[in-house]
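Positions are given from 1 along the sequence.
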Amino acid sequence: MSRPQEPHRPFFHFGNPFRMISPKGSHLSPKLVALLNTFEETLAGRLRKLNPNDKDDVLSLSWMKLAMESLCGTHNDIKTLISEIDLPVSDWDEKWIDVYLDISVKLLDVCIAFSSEISRLNQGHLFLQCVLHNLDSTSSNQFIRARSSLDGWRHHIGSKNPRVENCSTILDKLVESLDLPKVKNSAKGKLLMRAMYGVKVLTVSVCSVFAAAFSGSAKKLLDLNVAETYLWAQAFNEFQGNVNGEIRNVFSSGRFMVLKELEAVDGIVKELYPKIQDGVGLAEGKAFHSSISDLESKAQKLSQGLDLLTKEVDGFFQILLTGRDALLSKLRSGGAVSDQMLAGNVGAQVVR
């Protein structure tokens with residue numbers, strides 16, 4: 001039976017971004033304009049690279065790895081931009097700092113949720129190894145053990161991860177933070193806020209795609225409406241439309257596994273399971289041995305893909321953590337914000 005199509009989450013609209021970059025009293029110099037344009041053009045290029053040419057590439061582990069690489073690259077780009085515009089932390093408005101620290105701790109929680117889910121999926125590889133080991137023999141007892149391991153894998157993969165389920169709440173709060181604080185009389189500050197907006201849009205969008213894939217629910221997808229005044233707006237809108245649209249198509253067709261490599265393994269498991277149930281005699285058939293061989297190769301591909309994705313998620317986590325720690329260190333040494341603000345943010349980090 002086909003599952004009913006889940007309703008789309010609403011588009012989130014934001015104010016006119018052009019007003020952020022060219023208000024009265026603080027115009028950007030040609031140098032700052034050039035730096036901003038380079039940043040936005042690079043972001044547009046990353047988005048075009050993420051927009052799959054083939055819809056079947058959406059939510060393959062290789063695509064997800066590329067998406068996480070894009071997040072890492074973009075977050076590193078904003079660090080480089082801050083250095084290039086020569087905007088020391090001591091010149092930051094307290095509201096900017098508060099927003100940055102709040103966003104970073106939420107993204108750290110999202111990374112932890114994703115890492116836990118990837119680890120959980122990888123643990124299922126142990127069940128498949130047991131299946132393959134037991135199918136090396138034609139003993140009836142070995143077939144019983146293989147069948148038990150397949151049952152274990154199916155139950156394990158079908159279970160829910162509470163951390164991933166809670167990601168929607170975190171992402172919704174991140175969407176609320178997309179409306180950046182107003183900046184007065186600081187051209188560099190306005191440039192930073194505009195660039196950070198692009199970083200946050202990409203990050204929230206990619207994380208919502210991951211949350212939908214890991215939870216098996218299109219309800220986790222977010223649709224963000226970006227104004228055309230950004231150089232990367234068209235690339236983002238095309239990326240979001242194609243990726244979110246394909247994921248919704250997959251779920252509306254009744255499939256709950258959208259990770260390509262995981263779905264490939266599940267297909268072989270479904271094919272192999274009745275053959276094992278029917279007894280040892282099938283072990284002599286060519287089709288049976290072909291199914292075992294397919295399971296081994298596809299399980300290996302899934303495990304390797306998850307390992308590579310784990311490294312990228314861990315890398316993103318480290319970028320967020322080191323950036324946050326560096327800011328806190330500079331704030332402590334420069335006294336740019338109140339002790340109460342620092343204590344609250346450090347406390348939040350320790351509690352995690």
Side-chain angles (χ1 to χ4, degrees), residues 14-48 69-107 174 177-205 226-236 315-316 318-337 341-342 345:
F14 309 100
N16 181 1
F18 189 74
R19 293 171 60 188
M20 294 166 47
I21 204 64
S22 58
K24 295 179 181 179
S26 57
H27 298 286
L28 293 183
S29 68
K31 177 184 176 182
L32 291 180
V33 170
L35 289 171
L36 178 62
N37 286 346
T38 298
F39 176 85
E40 294 200 351
E41 287 166 358
T42 300
L43 178 56
R46 294 188 191 281
L47 285 162
R48 284 191 289 269
E69 287 174 350
S70 295
L71 291 191
C72 291
T74 302
H75 280 255
N76 280 327
D77 288 345
I78 196 73
K79 291 181 181 179
T80 301
L81 182 65
I82 291 171
S83 175
E84 289 176 335
I85 65 176
D86 190 23
L87 185 63
V89 172
S90 58
D91 292 347
W92 284 34
D93 187 282
E94 188 168 315
K95 289 181 180 179
W96 311 349
I97 297 168
D98 190 44
V99 167
Y100 176 83
L101 292 174
D102 181 62
I103 291 171
S104 64
V105 79
K106 285 182 172 63
L107 288 177
L174 286 172
S177 76
L178 285 173
D179 271 329
L180 296 165
K182 294 182 179 179
V183 181
K184 296 181 179 180
N185 303 319
S186 172
K188 291 180 180 179
K190 290 179 174 65
L191 183 152
L192 175 62
M193 289 299 101
R194 180 180 171 108
M196 285 183 65
Y197 175 75
V199 175
K200 289 196 291 183
V201 167
L202 173 64
T203 304
V204 170
S205 182
V226 175
E228 295 180 359
T229 49
Y230 293 97
L231 298 180
W232 47 268
Q234 181 178 350
F236 173 77
F316 184 47
Q318 289 302 318
I319 288 171
L320 294 169
L321 189 61
T322 54
R324 179 184 173 84
D325 287 347
L327 178 60
L328 288 171
S329 177
K330 290 176 182 177
L331 292 175
R332 291 190 193 96
S333 61
V337 293
M341 184 181 184
L342 275 175
N345 280 286

Quiz item: Could you give the distance from CG (L191) to CE (M196), rounded to the nearest 0.5 Å?
Solution: 12.0 Å
Quiz item: Can you check side chain to side chain contact (heavy atoms under 4.5 Å, CB included) on W232 and L202, steps first, answer last?
Solution: CA-CA 10 Å; W232 47 268; L202 173 64; over 6 Å; no
Quiz item: Between the main-chain N or O of L174 and the side-chain N or O of K106, is there a donor-acceptor pair closer than 3.5 Å?
Solution: no
Self-check item: Spatial distance of atom CG (L107) from atom CG (D102) [nearest 0.5 Å]
Solution: 9.5 Å
Self-check item: Sub-4.5 Å side-chain heavy-atom contact between L43 and F236
Solution: no
Quiz item: Taking only residues two or more places apart in sequence or in another chain, which ones pass side chain to side chain donor-acceptor pair (under 3.5 Å) with T42?
Solution: none
Self-check item: Atom of L178, atom of Y197 and distance for their closest heavy-atom approach
Solution: O-CD1, 3.5 Å
Do any side-chain atoms of residues 78-85 form donor-acceptor pairs under 3.5 angstrom with protein atoms, and if so which ones, sequence neighbours left out?
| residue | atom | partner | partner atom | Å |
| --- | --- | --- | --- | --- |
| K79 | NZ | I319 | O | 3.2 |
| T80 | OG1 | N76 | O | 3.1 |

Quiz item: CD of E69 to CG of L71: how many Å apart, nearest 0.5 Å?
Solution: 10.5 Å
Self-check item: Inter-residue atom distance L328.CG - Y100.OH, 0.5 Å rounding
Solution: 9.0 Å
Quiz item: Taking all atoms of both residues into account, what is the closest heavy-atom pair of S177 and K200, and its distance?
Solution: O-NZ, 2.6 Å
Quiz prompt | Euclidean distance, T74 OG1 relative to L47 CG, rounded to 0.5 Å | solution = 7.5 Å
Self-check item: Results of side chain to side chain donor-acceptor pair (under 3.5 Å) for Q318 - residues two or more places apart only
Solution: none
Quiz item: Which atoms form the tightest heavy-atom contact between A227 and A233, and what is the distance?
Solution: O-CB, 3.2 Å
Practice problem: Provide the full list of salt bridge (Lys or Arg N to Asp or Glu O under 4.0 Å) pairs with a residue in residues 33-48, sequence neighbours left out, each pair given once. | Solution: E40-R194, R46-D77
Quiz item: Who pairs with F316 by ring pair (Phe, Tyr, Trp, His ring centres under 6.0 Å), at least two apart in sequence or on another chain?
Solution: H75
Quiz prompt | Pairing residues for K188 by the side chain to side chain donor-acceptor pair (under 3.5 Å) criterion, not counting sequence neighbours | solution = none
Exercise. Kindly give the heavy-atom pair with the smallest separation between L28 and A187, and that separation in Å.
Key: CD2-O, 3.3 Å
Practice problem: First locate atom CG of L327, then atom OG1 of T322, and finally report the distance between them rounded to the nearest 0.5 Å. | Solution: 11.5 Å
Practice problem: Please report the shortest heavy-atom distance between G315 and C72, naming the atom on each side. | Solution: C-SG, 4.1 Å
Practice problem: Without swapping roles, check the side chain of S329 against the backbone of D325 for a donor-acceptor pair under 3.5 Å. | Solution: no
Self-check item: Shortest non-hydrogen contact from A235 toward A44
Solution: CB-O, 3.7 Å
Quiz item: Can you list every pair that meets salt bridge (Lys or Arg N to Asp or Glu O under 4.0 Å) and has a residue in residues 30-39, with sequence neighbours left out?
Solution: none
